[in-house]
Amino acid sequence: MTTIQWGILKTEKLTFHLAKTEKGLCYVGSPVQERDEFIASVAKKFKDATFEENEQALQPYVKELQEYIEGTRSVFSLPVDVTGTAFQQEVWEALKQIPYGKTCSYSDIAKRIGRPSAVRAVGTAIGANPVMITIPCHRVIGKNGAITGYRGGIAMKQLLLEREGIQHVKS
C-alpha cells in the first residue's frame, strides 16, 4: 500500500496542495482546488493509497516551488513520481525540455515527439500532467501566441509566464 504525504504551499497570491510518495512529488493541486477535491484527484492515480498530512515531509518541495514562484529558482532538482500512458510520459518528457523563460506551442511538442498530427492528443496529455509547474506545462501556448487552457486557470498561467520574464503572449 502506498502512503501519500501531503501538505500546503501558501504564497502571497496562491495556495497549493502538494502530495508525495516515497519516490517523489506526485501531485500539485491547482490554487482553486479544495482539500477534498485534491485528495480525490490524487486517489484516482493511487487507488489503494492512504493519506497522511505531513507538512515536514513536503518542506523540500515547498521550498523549491516557493523559490520558483519568487523568481530565485529556474530548475527543479527533487524527484517526481508520475505515472501515465507511454504517450503521456513522452509528452511530459518533452515539456521538461522547454527552457525556463521560453514557450512553445502544442504543435511544437507534437513535432518534437515525432507525431506532428497528434496536436489534440498532446493537449490532452499536457492537461493530465499531475505536477504542474514542476513539469512546466505552463510554457505551452497556442500557435498564435495566445494563452490557452491550464488546470490552475489562465490567470495563474499568465502569472507563471510573467515570473519567467515572458511578457509577449496574448490573452
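Keep in mind that this is a model prediction, so the values were computed, not measured.
In this structure the side chain of Leu14 reaches within 4.5 angstrom of the side chain of Leu159, judged on heavy atoms. Taking the side chain as every heavy atom from C-beta outward, Ile135 and Val82 approach each other to under 4.5 Å. Taking 4.5 Å as the limit, every side-chain heavy atom of Val28 sits out of range of all side-chain heavy atoms of Pro130. Under the 4.5 Å side-chain criterion, counting only non-hydrogen atoms from C-beta, Tyr106 is not in contact with Ile141. With a 4.5 Å cut-off on side-chain heavy atoms, Thr3 and Glu22 do not count as touching. A heavy-atom distance below 4.5 Å is found between the side chains of Pro79 and Tyr61. The side-chain heavy atoms of Trp6 and Phe38, taken from C-beta on, include a pair separated by under 4.5 Å. Counting heavy atoms from C-beta outward, His138 and Glu164 have side chains that approach closer than 4.5 Å.
Trp92 and Ala125 get closest at one heavy-atom pair: NE1-O, 2.9 Å. The shortest heavy-atom contact between Cys26 and Val42 is SG-CG1, 4.4 Å. Nearest approach of Gly152 to Met132, heavy atoms of both residues: N-SD, 4.0 Å. Nearest heavy atoms, Ala121 versus Phe87: O-CE2, 3.4 Å. Here the closest non-hydrogen pair linking Ile113 and Ala94 is CG2-CB, 3.9 Å. Closest approach of Val140 to Lys157, counting heavy atoms only: O-NZ, 2.6 Å.
Here the side chain of Glu53 pairs no donor or acceptor atom with the backbone of Gln5 at under 3.5 angstrom. The backbone N or O of Ile98 lies less than 3.5 Å from a partner atom in the side chain of Arg139, making a donor-acceptor pair.
Remark: Leu58 CG to Leu25 CG distance equals 7.5 Å, nearest 0.5 Å. Of the inter-residue distances, the one linking Ser105 atom OG with Lys111 atom NZ reads 6.5 Å to the nearest 0.5 angstrom. The OG1 atom of Thr21 sits 5.5 Å away from atom CZ of Phe46, with the distance rounded to the nearest 0.5 Å. Here CD1 of Ile109 is found 11.5 Å from CD of Glu93. Values are rounded to the nearest 0.5 Å.
Between the side chains of Ser30 and Tyr150, no donor-acceptor pair is found at a separation under 3.5 Å. A donor atom on one side chain and an acceptor atom on the other are found under 3.5 Å apart for Gln158 and Glu162. Side-chain contact of Gln66 with Thr11: a donor-acceptor pair under 3.5 Å is absent, judged by distance alone. Looking at Asn54 and Gln56, their side chains never bring a donor and an acceptor atom within 3.5 Å of each other.
Both Leu78 and Ile69 are part of a single hydrophobic cluster, where members link through side-chain heavy atoms under 4.5 Å apart. No chain of hydrophobic side-chain contacts below 4.5 Å, direct or via other Ile, Leu, Val, Met, Phe, Trp or Tyr residues, connects Ile154 to Leu160. Residues Val119 and Leu95 share a hydrophobic cluster, clusters being chains of Ile/Leu/Val/Met/Phe/Trp/Tyr side chains in contact below 4.5 Å. If you chain together hydrophobic residues whose side chains sit under 4.5 Å apart, Ile133 and Val62 fall into the same group. Connection of Leu9 to Val80 is established within a shared hydrophobic cluster, with ILVMFWY side chains joined at heavy-atom distances below 4.5 Å, either directly or through further cluster members.
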Check the pair Asp48 / Thr2 against side chain to side chain contact (heavy atoms under 4.5 Å, CB included), numbers first and verdict last. CA-CA 7 Å; Asp48 296 323; Thr2 303; over 6 Å; no

Given side chain to side chain contact (heavy atoms under 4.5 Å, CB included), test Leu65 with Thr134 step by step and report yes or no. CA-CA 8 Å; Leu65 283 161; Thr134 309; 4.0 Å; yes

If you apply the rule side chain to side chain contact (heavy atoms under 4.5 Å, CB included), what do you find for Val122 with Thr124, and how did you get there? CA-CA 5 Å; Val122 163; Thr124 300; over 6 Å; no

Please step through side chain to side chain contact (heavy atoms under 4.5 Å, CB included) for the pair Glu52 and Ile4, ending with a clear verdict. CA-CA 6 Å; Glu52 168 190 302; Ile4 307 289; over 6 Å; no

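Here Arg115 pairs with Glu90 in a salt bridge; the nearest charged N to carboxylate O distance falls below 4.0 Å.
When each of Lys45, His17, Gln33, Lys20 is tested with Tyr27 by the rule side chain to side chain donor-acceptor pair (under 3.5 Å), just one qualifies, namely Gln33.
Between Tyr68 and Phe76, the two ring planes are tilted [angle within 30° to 60°].
Within a 6.0 Å radius of CD in Glu67, more than 12 heavy atoms belonging to other residues, nucleotides or ligands are found.
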